[in-house]
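All chains are named by letter (A, B, ...) in the order of the sequence lines, taking the proteins before the strands, and each is independently numbered beginning at 1.
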Amino acid sequence: MIMNLLTNGEKLRFLKLNSFLGGADEGLLMAIVEHASYVEFEKNTFIYSRKDRADNFYILVEGQVGHPEVQAAEEQFSIAPTINVPGQLFGFAAIVQGMPERIISAHCEKVTKALVIDGLWFQNLCKSYQEHGFDLLRTLARAYTGHEHRIAGRAGWVSIRNVGKVYDPHGKAVVAVEDCSIEIRPGEFVAIVGPSGCGKSTLLNAIAGFDSITSGVIYLDGEIVNKPGDQPVPGPDRMVVFQNNALFPWATIMENLICGPIAQGKMNESEAKKKAQDLLDKVGLSDIGDLYPAAISGGMGRRVEIIRALLNDPRVVLLDEPFRGVDALTKSVTHNALLELYDLTHKTVMFITHDLEEAIYLADRVLVMASRPGHIKQTIQVNLPRPRNLKLLSSPEFLELKEEVIEAVHDEAVKAFISGEREHA
Amino acid sequence: MTNSSSFFRSILSRTLLEGMLGILIFFGIWQLARSIGLLVVLPGPIEVIEGAPAMMSQANYLLSWSNSAKRVFLGFAIAVVLAIAIGVPIGMSRKLKEFSFPVLEIIRPIPPLAWLPISILFWPSSELTMVFLTFLGAFFPILINILAGIDSIDIRYIQAALSLGAGKNTLFWKILVPGALPSLFTGLTIAIAITWEVVIAAEMASGDNGLGFMTWQSYMSHSMVGILVGMLSIGIAGLISSQIVSLIGRKFMPWLKK
C-alpha cells in the first residue's frame, strides 16, 4: 500500500536517523526525500525474497523486519538479523550494483512501514555528488560485501581500504598509489584500466603479497593480508598470472600445472594430473602436457598459466596485463577460454589491462585508475549478460560503455603523456 | 618408418660429408701453400699423415693422452665443486657478495700461468702444480657464470613459486638450480677449453709427460711432424672434452630448444 502520509520533513528525519546517511550532504538527502515513496507492508509478508532482483533499498520507519538467513550480528558494518530501529537500512544489495540477486530475504514480523528508494537511482545520485557521494557508496558497499561473504559463504572478498604506496620514502619519495579504496565482491570480475605507470601493478603486487604498502590495509575475506610495516607473504589463495610467461621453462606443462597443489599437499599426483588434464581439455589444449614451455606459443602459454592459477583453488585470481602483446585473433580465443573458466569456477578476478574493449568484454565492473598519484578515478558498471559472446562487441550497449570508458581514460592518458614528457625533458 | 630412418641417415652423411669436405679443403690449401713455396718450415699434410702412425705407435703416446687427461679432469672437477660451493652462497647473499667480490675480481685477471713460479715454490710436486694451474683456469669462468646465472633468474619465477606455496628448499632446488643451470654449463664449456690451454702450457714449461710435453719434446728433437701430430692430438682431445660437456648438458637440461 503506498501512503503519502509522511511530510518531507518527517522523511528527512528518518533518513537522518540512519548511521550511514545521517552525515550526508543536505542536498543529497533532500533529493532522496523527493524521490522516496512511503509504503506499508502487512505482517508476515516478504518484502523481498532470496534470488529476487535487487531493485530497491529501504529505510525502516516503523515495525520489524527479520532476515531469516542471518545468524547473528557481527561487527559494526555487518547486517543485523532483525531490523527494528527506525532509520535502519535494509536491502543493501540494491545499492551495490544495478542488478544482483538478493542473498537474503526480508520478512515482516509486524506491520512495517518503510521508505522505498530505487537503488540504481541512488547510485547515480551519489555519483553526482563526487567524492562525498563515492565515499558514501563505498561505505555501504563494504557493509554489503562483507555480509555477502559471511552469509552466502562466498570466498574472495577483497577489501582495499585507503591504500597508499610510497617508494623510497626517505629518498626520492615517489608516490605510486595514494588513498585507494576498492571493494571487490566475492566472485566479481573487476577490470582496472589506466595509463602506464598509474599504479595498477603496484596495487596488484600489494594484494598478491609481493610488495609492501605504506598506508591503508588490504583484507581478503575479512583477514588482513597486507598492512604497513608487514613483510607480506604471497600464497596460493591469491594467484597471479603475469604478462609474459612465468611458466617454469625447465618443467613440462603438466609438471608446471601440478607443482602448486602438490607442493601444498592438497592433492596427490594422480589427482592433480587428472584435474589438470580436465582443464586443459576444456580450453582445447589436450595434447601439450608433455611439452616444454619453449615449444608452445604465447597464446597457449597464457591459457596454461591461467589453468595453473586456477588449479590452486585461489580465492582471488590476479591478472597483470596477461594478454598484452598477443595478436588479436589469439586474444579472442584466450578471452573466451578465460570466460569459460570464470563461468565454471566463479573465482573473484582482478584483471589489469590497457585494452579498454577487453576490459569491458570480460568484466562486471571497470575501474578507471588515474596516475600521479595513483587512485581510482571512476567506476563503470558493465551490465552485459553472461555468458558473454563475441556478438556483444557490436551491440549498442557495449559501444555506449566503450565511449564512457574512453572518455574517462582519455584525460588521464593525456596527462600521463604530458607529465611523462616533462620528466624526460 | 624406414623412410624416415634412411632420410636421417642421409642427412647425417650430408653433414658429415660437408664437414669432411671442409677438412679436406683445409688440407688442400695447406698443401697448395707449401707447393707454392710458403710455409716451408712446416711439413705438408701428406708428410704429417705419413709420419703420424709412427709417432702414435710409440708407447708413450697413449700415456701422454692419459696423463694430460688426468690433470684436466682433476683440475676441472675441483674447480666445479669449489665454484659451486663458493658461487651459490655469494649469489644468494648480497652481503657476502659485497665482501668477497672485490677480492675475487683482483685475483681473477691474473692468468693461470702467472701463478707458475709461486706454484712451483708452494706445491711439493710438479703434478700438483699443474693440477693447481688447471684448477685456476677453470675456476673463474665457472664462478662468474654461476653468479650470472643466479642473477639472471627472472624474479617472476620466484614470485610465481612463492605464490604456489614453495618453501625455501623447493625454491632452491626447483627454481634456482634449474634456472642457473644453463649459465653454469656455459661456464663449463668455456672452462674446459681454458683447462686444456693451461695444461699444455704448464706441461711445456715444467712437465715431464703429457701431450704438451710430447709436443715440446718434438720441438727439442727437431721433429716437425711430431710437433704437428702433438698439436692435432691436443685439438682432438679438446674437441672430445667439449662434446662430453655438451652431451652432459643436454642430458641435464632437456628443456632447451634443440
For chain B, which of G209(A), A263(A), P314(A), A246(A) has the most heavy-atom pairs under 4.5 Å? A246(A)

Atom CD of E18(B) with >12 non-hydrogen neighbours under 6.0 angstrom: yes

So with a 6.0 Å cut-off around NZ of K273(A), is the heavy-atom count from everything else above 12? no

From the list G235(A), P236(A), A309(A), C259(A), the residue making the most non-hydrogen contacts under 4.5 Å with chain B is G235(A)

Using a 6.0 Å cut-off, check whether atom CE of M267(A) has over 12 heavy atoms from anything other than its own residue. yes

Ordered numerically, the heavy-atom neighbours of chain A under 4.5 Å found in residues 135-158 of chain B are R156(B), Y157(B)

Which side-chain N or O atoms in residues 219-228 of chain A pair as donor and acceptor under 3.5 Å with protein atoms at least two apart or in another chain?
residue : atom : partner : partner atom : Å
D221(A) : OD1  : H149(A) : ND1          : 3.2
D221(A) : OD1  : G156(A) : N            : 2.8
D221(A) : OD1  : W157(A) : N            : 2.8
D221(A) : OD2  : G156(A) : N            : 3.2
D221(A) : OD2  : R315(A) : NH1          : 2.9
N226(A) : ND2  : A206(A) : O            : 2.8
N226(A) : ND2  : D211(A) : O            : 2.9

Side-chain donor or acceptor of W255(B) paired with backbone N/O of P293(A) under 3.5 Å: no

Counting heavy-atom pairs closer than 4.5 Å to chain B, which one of P261(A), A208(A), G260(A), G265(A) comes out on top? G260(A)

Mind checking whether P182(B) and W250(A) have side chains closer than 4.5 Å, heavy atoms only? no

Please check if atom CG in D168(A) has more than 12 non-hydrogen atoms from other residues, nucleotides or ligands closer than 6.0 Å. yes

Flag the one option from T252(A), V233(A), L247(A), L291(A) with the top tally of heavy-atom pairs under 4.5 Å to chain B. L247(A)

Select one option (side chain, backbone, both, neither) describing which atoms of L311(A) are under 4.5 Å from chain B's heavy atoms. neither

Evaluate whether atom CZ of F101(B) has more than 12 neighbouring non-hydrogen atoms of other residues, nucleotides or ligands under 6.0 angstrom away. no

Which value, rounded to the nearest 0.5 Å, describes the distance between Q159(B) atom CD and F242(A) atom CZ? 4.5 Å

So for atom NZ, which belongs to K347(A), do other residues, nucleotides or ligands contribute more than 12 heavy atoms lying within a distance under 6.0 Å? yes

Cut-off 4.5 Å, heavy atoms of chain A, and the answer for L181(B) is neither

Residue from A160(B), G165(B), G179(B), S163(B) scoring the most non-hydrogen pairs under 4.5 Å with chain A is S163(B)

Within a 6.0 Å radius of atom NZ on K97(B), are there more than 12 heavy atoms belonging to other residues, nucleotides or ligands? yes

What distance separates Q264(A) CD from L164(B) CG, expressed to the nearest 0.5 Å? 7.0 Å

If you count heavy atoms of other groups shown closer than 6.0 angstrom to CG of L24(B), is the number above 12? yes

